[in-house]
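Data block below; observations after.
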Amino acid sequence: MNDWQRKSPLDWETYVNKMVKVAAIEKHEYEGWVLTIDPVSASIVLATFLENEKVSISVVLGHAVQEVEILKEGDDEMKQRLSCIFAPEESKAYSPEELEKRKNDLKTWLETNHIPVTEQGELGRTLCVAGVLTIDPPYSPEECSSSNEIILSRVQGLIQGYLEKQQ
């Protein structure tokens with residue numbers, strides 16, 4: 001086990017969102033922004049920004065890491081860019097007001113169609129349909145959760161149809 005692998009997850013966390021140079025075995029060197037570090041294998045996931053807003057992702061396996069040197073701290077803009085790399089294209093940030101409106105509009109629509117719906121959670125952010133299905137923000141079909149697959153499928157279909165009519 002090398003020194004890098006002996007570090008704790010709290011030690012590794014200090015490298016996240018920073019530009020680093022990784023010296024690996026056989027004199028290989030890698031540079032990039034640290035997205036994350038796997039706590040089991042100590043492998044480092046690096047992101048490099050190319051032209052045309054493309055991103056190159058590389059993984060340096062933990063057992064091969066010999067030394068990690070921090071080259072640059074990430075500013076808030078870089079942290080935001082890094083956090084969005086694996087986010088789906090259609091996901092966008094909603095303001096609290098937009099989320100509240102989406103929730104209330106969906107709840108009203110469900111009630112209009114005689115589907116029993118209540119609000120759950122400390123802040124009432126989760127909608128609960130008939131006590132067997134929950135819908136979390138931002139209230140799209142992907143945020144539905146239920147152990148009953150038939151109900152899950154039908155409610156997701158209803159919400160998808162509702163959202164398409166809204167556009």
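Considering only heavy atoms from C-beta on, Met78 comes within 4.5 Å of Leu82 through its side chain. Residues Leu35 and Val16 are not in side-chain contact: their nearest non-hydrogen atoms beyond the backbone lie 4.5 Å or more apart. No side-chain heavy atom of Ser43 sits less than 4.5 Å from a side-chain heavy atom of Ile37. Residues Val34 and Asn17 are not in side-chain contact: their nearest non-hydrogen atoms beyond the backbone lie 4.5 Å or more apart. For the pair Val65 and Val22, the minimum side-chain heavy-atom distance is below 4.5 Å. Glu100 has its side chain out of reach of Arg125: every pair of non-hydrogen atoms, C-beta onward, lies at least 4.5 Å apart.
Within a 6.0 Å radius of CD in Gln166, more than 12 heavy atoms belonging to other residues, nucleotides or ligands are found.
Under the rule for a side chain to side chain contact (heavy atoms under 4.5 Å, CB included), the partners of Gln120 that lie at least two apart in sequence or sit in another chain are Thr126, Cys128, Thr134. In terms of the salt bridge (Lys or Arg N to Asp or Glu O under 4.0 Å) criterion, Asp75 has no residue partners (sequence neighbours excluded). Scanning for ring-ring contact (aromatic ring centres under 6.0 Å, His included) contacts around Tyr30 gives an empty result, with sequence neighbours left out. Evaluation of the side chain to side chain contact (heavy atoms under 4.5 Å, CB included) rule for Ala23 yields Glu67 as partners, not counting sequence neighbours. For Lys101, the side chain to side chain contact (heavy atoms under 4.5 Å, CB included) partners two or more places apart in sequence, or in a different chain, are Asp105. Residues forming a side chain to side chain donor-acceptor pair (under 3.5 Å) with Arg102 (at least two apart in sequence, or on another chain): Tyr94. Residues passing the side chain to side chain contact (heavy atoms under 4.5 Å, CB included) test with Arg154 are Ile150, sequence neighbours excluded. A search for salt bridge (Lys or Arg N to Asp or Glu O under 4.0 Å) contacts involving Lys7 returns nothing, not counting sequence neighbours.
To the nearest 0.5 angstrom, Ser8 atom OG is 9.5 Å from Glu13 atom CD. Separating the CD1 atom in Ile44 from the OG1 atom in Thr36 is a distance of 10.5 Å, to the nearest 0.5 Å. Rounding to the nearest 0.5 Å places CG of Asn113 at 11.0 Å from OG1 of Thr108. One distance of note links CD1 of Ile115 with CG of Leu110; it measures 5.0 Å at 0.5 Å rounding. Taking CG of Asn2 as the start and NE2 of His63 as the end, the distance is 9.5 Å to the nearest 0.5 Å. Annotation: the span from Leu133 atom CG to Gln156 atom CD amounts to 7.5 Å, rounded to 0.5 Å.
Pairs of residues two or more places apart, or lying in two chains, never qualify as ring-ring contact (aromatic ring centres under 6.0 Å, His included) while including a residue from residues 126-153. Listed by first and then second residue, the salt bridge (Lys or Arg N to Asp or Glu O under 4.0 Å) pairs that reach into residues 17-43 are Lys18-Glu73, sequence neighbours excluded. Sorted by first then second residue, the ring-ring contact (aromatic ring centres under 6.0 Å, His included) pairs that include residues 95-127, not counting sequence neighbours, are Trp109-Tyr162. Pairs of residues two or more places apart, or lying in two chains, never qualify as salt bridge (Lys or Arg N to Asp or Glu O under 4.0 Å) while including a residue from residues 131-140.
Using modelled atom types, no side-chain atom of Glu164 and backbone atom of Gly161 make a donor-acceptor pair closer than 3.5 Å.
With respect to Ile57, the side chain to side chain contact (heavy atoms under 4.5 Å, CB included) criterion is satisfied by exactly one of Val45, Leu46, Thr48: Val45.
Ring geometry, Trp4 versus Tyr15: the interplanar angle exceeds 60°, so the pair is classed perpendicular (tilted spans 30 to 60°).
When all heavy atoms of Val60 and Ala24 are compared, the closest pair comes out as CG1-CB, 4.4 Å. Of all heavy-atom pairs between Val55 and Ala47, the closest is CG1-CB, 4.1 Å. When all heavy atoms of Trp12 and Ala42 are compared, the pair lying nearest together is CZ2-CB, 3.5 Å. Pairing each heavy atom of Pro141 with each of Gln160, the nearest pair is CG-OE1, 3.2 Å. Closest non-hydrogen pair, Lys103 versus Gly124, comes out as NZ-O, 2.9 Å. Here the closest non-hydrogen pair linking Ser83 and Gln80 is OG-O, 2.9 Å.
Cluster membership check: Ile25 does not share its hydrophobic cluster with Val59, using side-chain heavy-atom separations under 4.5 Å among Ile, Leu, Val, Met, Phe, Trp and Tyr.
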Derivation of the side-chain contact (heavy atoms from CB on, under 4.5 Å) call for Val117 and Glu111: CA-CA 7 Å; Val117 61; Glu111 289 171 340; 3.5 Å; yes
